[in-house]
Amino acid sequence: MSVLSCTDLSVAIAARPVLSGVDLTLSAGQVTAVVGPNGAGKSTLLACLGGLRTPTTGFASLGETRLLDLPPRERAQRLAFLPQTPEIAWAVEARTLIELGRIPFTGARGLSVEDRAAVDRAMAAAHVEAFEHRIVDTLSGGERARVLIARALAGEPEWLLADEPLTGLDPAHQLDAADLFRDLASKGAGVVVTLHDLSLALRTADRVIVLADGGVLSDGPPASALTPDILRRAYGVEAAVTSGPGGPLIDVLGRS
Ligand code: ADP
Ligand code: MG
């Protein structure tokens, strides 16, 4: 089973420590949610785990290989990264954008029948078939977010790292995307997502990592990683973990 890890990983930006000495071992077959307050370093951690940012010290590895030593093409085949604020450079049709997710496999050649089939599967999984021929900058933010999820899935990656993929989706599509992540994990992929919705993290993740002040404040099964005490220390809020008809809920009562 594939393992993605980081060892003594620190990042300083403009001489300010953003992450300090983070050690994590993530297993495929699970959905891992990374939560924490604004500025905690979630996006920075994800970028390091995706091999897109060079840490100041320490390293991230896929199996035994340091990510920055993996040939870029192999890295792109094995790890898909969905950024928080993706830039779409040109006005292209949604399908064309999703097909870009096959580039790590196709290189400069055109798409094979197999590539097209993978694109079709990704479009079906992300429920974006209806937008196939729409120009992406005419899509709503949530529709575009689903197209970008489809692009990440088109490469059928071993690991999907997605930075706030549910933000901007309506409740039905949030559930669909969360189900999709679960489904990928159940098929053996590793899924790492950053989330702001703590109840969603509690309900949909196998493992929750709470980042605060550049370090891991808690890490474990959702119910033990997201306790009122941890939420107070991470966010400075008083919160109650309650049970609703649909499962556990985090009710934020106010600032500490
Ligand atoms: P999160 O995703 O948890 O909100 P980030 O990883 O985006 O946090 O950022 C962590 C910290 O690093 C923040 O304080 C942010 O302002 C800072 N930071 C990130 N990128 C830059 C940058 N390019 N220049 C300066 N500061 C940055
Ligand atoms: Mg972020």
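When a ligand or atom number is given, it counts from 1 through the structure's own listing order.
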Is P37 close enough to touch ligand 1? Criterion: a residue heavy atom under 4.0 Å from a ligand atom. yes
Starting at CG of L49, measure out to CG of L67 and round the result to the nearest 0.5 Å. 7.5 Å
Ligand 1 atoms in contact with R16 (distance to a heavy atom under 4.0 Å): 11 (C), 12 (O), 13 (C), 14 (O), 17 (C)
Less than 3.5 Å apart, any donor N or O on the side chain of D163 or T194 sitting next to an acceptor on the other? yes
Looking only at protein heavy atoms, identify the closest one to atom 7 (O) of ligand 1 and say how far it is in Å. S43 CB, 3.6 Å
If you have a sec, read the angle at the Mg ion (ligand 2) from Q84 atom OE1 over to S43 atom OG, to 10 degrees. 80°
With respect to atom 22 (C) of ligand 1, which of N38, V11, I13 exhibits the smallest heavy-atom separation? I13
Which protein heavy atom lies closest to atom 4 (O) of ligand 1, and at what distance to 0.1 Å? G39 N, 2.8 Å
So does G29 get a backbone contact from the side chain of K187, meaning a donor-acceptor N/O pair under 3.5 Å? no
Contacting atoms of ligand 1, where contact means under 4.0 angstrom from a heavy atom of V18: 10 (C), 11 (C), 12 (O)
Mind checking whether R53 has an N or O less than 3.5 Å away from an N or O of ligand 1? no
Ligand 1 versus T44: contacting region, heavy-atom distance under 4.0 Å: both
Could you tell me whether the side chains of R95 and H133 share a donor-acceptor contact shorter than 3.5 Å? no
Short N or O distance, G41 and ligand 1, threshold 3.5 Å exclusive: yes
Keeping the roles fixed (side chain from T204, backbone from L200), state whether a donor-acceptor pair exists under 3.5 Å. yes
Strictly below 4.0 Å, N to O, side chains only: are R146 and D176 in salt-bridge contact? no
Backbone N or O of I135 within a donor-acceptor pair of the T138 side chain at under 3.5 Å? yes
